[in-house]
Amino acid sequence: MVKTTDVFVIGGGPGGLATAIAARQRGFDVVVADGAEPPIDKPCGEGLMPDGRAALEQLGISIPAEIGHSFRGIRFVSSGLSVDASFPKGVGQGIRRTVLHSIMVARAEASGASLLWHTPVSGLHPEGVLLGDHFVRCRWVVGADGGHSLVRHWAGLDRYCYDRTRFAFRRHYRVSPWSDFMELHWGPRCQIYVTPVAADEICVALISRDPHLRLDAALTAFPELVSRLSAAEPSTWERGAISATRKLKRVYQGRVALVGDASGTVDAITGEGLCLSFRQAAVLAECFAAGSLERYQEVHRAMARRPALMARLMLTLDWKTSFRQRVMRAFGSDPRLFARMLAMHVGALSPIDFATNGLSLGWRVLSA
Ligand SMILES: Cc1cc2nc3c(=O)[nH]c(=O)nc-3n(C[C@H](O)[C@H](O)[C@H](O)COP(=O)(O)OP(=O)(O)OC[C@H]3O[C@@H](n4cnc5c(N)ncnc54)[C@H](O)[C@@H]3O)c2cc1C
């Protein structure tokens, strides 16, 4: 068992593996420990936006086109109305979590990181981490242990600017994707999104504020989806997860830094969680190289701003069906409005252009 390393990453999900790869790219010795065994599954919408794919490429991972299923944009569907737009640049990729995890594990191993599975970390020590009775000395500790992070608690970083929760359930179906968009279906106080993840499989994820609402019950409000899924076999069991919107006051303390969902989350509706964790990982490794985590705090906050704003804007549509239908009609009357919103979502529109677009949309909504 290893006794010392430069960087010890607690959690070998996408955020932890991304950090391990980024730290190896800068020449650090890295150990990753995870209590589970790969490939690790997790309820997720399984859509990588073009900016997420670009962030993965920075880590030396380009997912071949034949793996997963690409989608060219986003479609909103609500009570008989539908709008869609293509991404301004590149395509998104739907990919099963287990497949993404295997690809990231292979890249982390090839980069020279030591990966310890079935190895839960049991605590922090002033000079490193504890694996039961075993102590590993390290310069930096990374808490990449997900939304319920214990590292966050151990490091005294469990202090929030805000913390809101929704509930998610996802299941896969064996059926050919019927669309080359990732679809977001809006219903009464819930959303269902559909991501193509293979030539013969889709991922269906429900998000709502109701902890008791399950996929089958929610689907009854979506006749179009029901008719598409009626002949499709479920290929996985329904699994639940929390979709939190959580902003922390601080994301590092001393030698301990948080990354990925441990460091705060945006609502799952954005489909930006993975991208954020990959980008945070790259910045964190830069900060290790600079010998200080101060910049990580600033950049982390700045990176979360756009997805957090997009989540807030999108969730205004959850407020009232009549309001949502007005917005859908406004988008329908000028498709450029939706295309620009999507461009902002993936970071391809300046805040000024976005504000102008917002004003045009507001005007259309008022006059719709
Ligand atoms: C319903 C839903 C839909 C989503 N859809 C999308 C989407 O379409 N696109 C997108 O980009 N994002 C999406 N997200 C967000 C995305 O799933 C997360 O942002 C992502 O999983 C974060 O990865 P992570 O590595 O930070 O955390 P996790 O994936 O949670 O990994 C944490 C790891 O830490 C390990 N661990 C925990 N405690 C310990 C310990 N003490 N010792 C060792 N190991 C430990 C766990 O075993 C786990 O492997 C969605 C989220 C939800 C809930």
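These numbers were taken from a predicted model, which means no experiment stands behind them. Atoms within each ligand, like the ligands themselves, are counted from 1 in listed order.
Scanning the protein for heavy atoms near atom 13 (C) of ligand 1, the closest one is Cys44 SG, 3.6 Å. Counting protein heavy atoms only, atom 39 (C) of ligand 1 is closest to Asp145 CB, 3.9 Å. Ranking the protein heavy atoms by distance from atom 35 (C) of ligand 1 puts Asp34 OD2, 3.2 Å first. At the shortest separation from atom 5 (N) of ligand 1 among protein heavy atoms lies Gly45 N, 2.8 Å. Closest protein heavy atom to atom 51 (C) of ligand 1: Ala268 CB, 3.8 Å. Among all non-hydrogen protein atoms, the one lying nearest atom 40 (C) of ligand 1 is Val121 N, 3.8 Å. When hydrogens are left out, the protein atom nearest atom 19 (O) of ligand 1 is Asp261 OD1, 2.8 Å; that is the closest non-hydrogen contact. Distance from atom 24 (P) of ligand 1 to its nearest protein heavy atom, with residue and atom name: Gly15 N, 3.8 Å.
Taking the six-membered ring where tryptophan is involved, the planes of Phe71 and Phe87 are tilted, since the angle between them lies from 30° to 60°.
At a heavy-atom cutoff of 4.0 Å, ligand 1 is contacted by no atom of Ala205, backbone or side chain. Within the 4.0 Å heavy-atom criterion, the part of Ala168 lying near ligand 1 is the side chain and not the backbone. Contacts with ligand 1 closer than 4.0 Å are made by backbone heavy atoms (N, CA, C, O) of Ala144 only, the side chain lying farther away. Within the 4.0 Å heavy-atom criterion, the part of Ile242 lying near ligand 1 is the backbone and not the side chain. Within the 4.0 Å heavy-atom criterion, the part of Arg97 lying near ligand 1 is the side chain and not the backbone. The residue Ser149 has no part lying near ligand 1, judged by heavy-atom distances below 4.0 Å. For Arg170, no heavy-atom contact with ligand 1 is shorter than 4.0 Å.
A cation-pi arrangement, defined by a distance under 6.0 Å to the six-membered ring centre and an angle within 45 degrees of its axis, is present between Arg246 and Tyr160.
At a threshold of 4.0 Å, the pair Arg189-Asp210 does not count as salt-bridged, since none of the basic side-chain nitrogens sits closer than that to a carboxylate oxygen. The existence of a salt bridge linking Arg72 and Asp180 is confirmed by a sub-4.0 Å separation between a basic side-chain nitrogen and an acidic carboxylate oxygen. Salt bridge Lys89/Asp51: absent, no basic N to carboxylate O contact under 4.0 Å. Using a 4.0 Å cut-off between a side-chain N of Lys or Arg and a carboxylate O of Asp or Glu, Asp158 and Arg152 qualify as a salt bridge. Look at Arg75 and Glu183 and you find a salt bridge, because one of the NZ, NE, NH1 or NH2 atoms lies within 4.0 Å of a carboxylate O, short of that distance.
No more than 12 heavy atoms of other residues, nucleotides or ligands lie within 6.0 Å of NE2 in His153, so this atom counts as exposed by the packing criterion. Crowding of Glu66 atom CD: a count of heavy atoms from other residues, nucleotides or ligands under 6.0 Å exceeding 12. Around the CZ atom of Arg336, the shell of radius 6.0 Å holds no more than 12 heavy atoms that belong to other residues, nucleotides or ligands.
When the heavy atoms of Gly146, Gly13, Ala33 are ranked by distance to atom 43 (C) of ligand 1, first place goes to Ala33.
Tested against Ser78 for a side-chain hydrogen bond (donor to acceptor under 3.5 Å, both in side chains), the candidates His185, Gln191, Arg324 yield a single pass: Arg324.
Within the 4.0 Å heavy-atom shell around ligand 1 one finds Pro14. At least one heavy atom of Tyr193 sits less than 4.0 Å from an atom of ligand 1. Residue contacts with ligand 1 do not include Gly52, since none of its heavy atoms lies under 4.0 Å from the ligand.
There is a side-chain donor-acceptor pair under 3.5 Å between Arg96 and His172.
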